[in-house]
Amino acid sequence: MIPKTKYDKLEGCFLGGAIGDAMGSAYENQESEDSDTYDPFPTKNPAKSILQITDDTQLTFATIEAIIESAKFTPAILADHFKRLYEKRNIRGLGASTLKALQELEAGGHWSQVGRIGEYAAGNGAAMRIAPLSFLEETDRTQIRDISSITHRNDEAYVGALCVVIALKEILNNQWDGSTNLLSIISSQIPDSRVKDRIQQLETLTDLTEIGSYGNSGYVVDSIPLALAAANQIRNLDLDTIFNELIEVGGDTDTNCSIAGQIAGCFVGKSNFSSNLMEKIKSIPEYESLNSTLNKFGAKLKWL
Ligand SMILES: [Mg+2]
C-alpha cells in the first residue's frame, strides 16, 4: 500500500480526516452498547444516516483556506479566517475553549489573548486542526505553538498539536515507512509532558481496546496518544477497521477518528482507500467543496 503521489498523500490526509470526523461524530461520547450490532449507518435514527463533518474538519479546512489565500501565513490571518467562519454560525460541535476564543475574536479580541488558559485548556482542539501546517516547508515549533494558542494557550495542547505535525512530516518526508513504531519516533522528538508519558505507555500495545482503556476523552493527554496509536496500527489494519475500532473505544470519537484518519490516510494515500470508504466520503454534503479546496492547496504547495 504505497501512495501514488505526494498529492495522493495530501488527499489521503484531509479526506481521511474528514470521513473519520463524520463517522465518529455520530457516536461522540456515546457508550458502546453492543459491539456486535455496531452499524455505521444505523437505521433506528435516520438523522444519523447523514455523514456530517464537524468543527475538526471545518477548522482544518479554514486553516487550509487561510494558507491558500495569504502570501505569508500568520496567526493573525488564521484568526481572521476562524472569525469569519464563526460569523456564519455553521460550525458544528465546537468545544468550550475554541468557542470562547471565537466569541472573543468576534468581539474584537487579539489572537494572542483570546485562547483559553489553565488546565481546562488542555483539550484536543488545537491538535485537531493543525494538520495543514505539516504541509508547509517552513513550519517551526514557534509557529505551531502560536497557531495552537489561538484557541488553546496550554503546553499540553501545544505538544498534542506538535505530535500531529511530527507524525505527518515523518510520512511526507518518507521517514516513517511503517516498519518501525510511530509512537517511539514521535516521543523521541517532543518535550517532557503528560502527552509524552502517555505515548510511551502505549508504545508497545497493539490492541485498540486496551489502548483505549487508558483514556478516550477530549483531554489532549487521552485523545492524541490514542489517535496516534490507532494510526500506528495502519501497519496491520485497514483504515475502515481503525475507524470502527476507535468508535468502539468511544469517548471523543469524532476527533479521535479524525486525527487517526489524517495520519493513517496520509500514510496509505487516497488511492488506497477502500471503495466502501470512498462511497462514504462522497456522501459528505460538502465533498465537492472540500475537494476543490484541496486542489487549490495542492497547487499552492511548490514542493508537491
Ligand atoms: Mg468535532
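Order of listing sets the numbers, starting from 1, for every ligand and every atom in it.
With sequence neighbours left out, the side-chain hydrogen bond (donor to acceptor under 3.5 Å, both in side chains) criterion links Asp146 to no other residue. Partners of Asn236 by side-chain hydrogen bond (donor to acceptor under 3.5 Å, both in side chains), not counting sequence neighbours, listed by chain and number: Gln233. Residues passing the ring-ring contact (aromatic ring centres under 6.0 Å, His included) test with Phe61, sequence neighbours excluded: none.
Tally of protein N, O or S atoms closer to the Mg ion (ligand 1) than 2.8 Å: 4.
The aromatic ring centroids of Phe82 and Trp111 lie 6.0 Å or more from each other.
Checking side-chain atoms of Asp21 against main-chain N and O of Gly17 turns up no donor-acceptor pair under 3.5 Å.
Aromatic ring orientation, Phe14 versus Phe135: tilted (interplanar angle from 30° to 60°).
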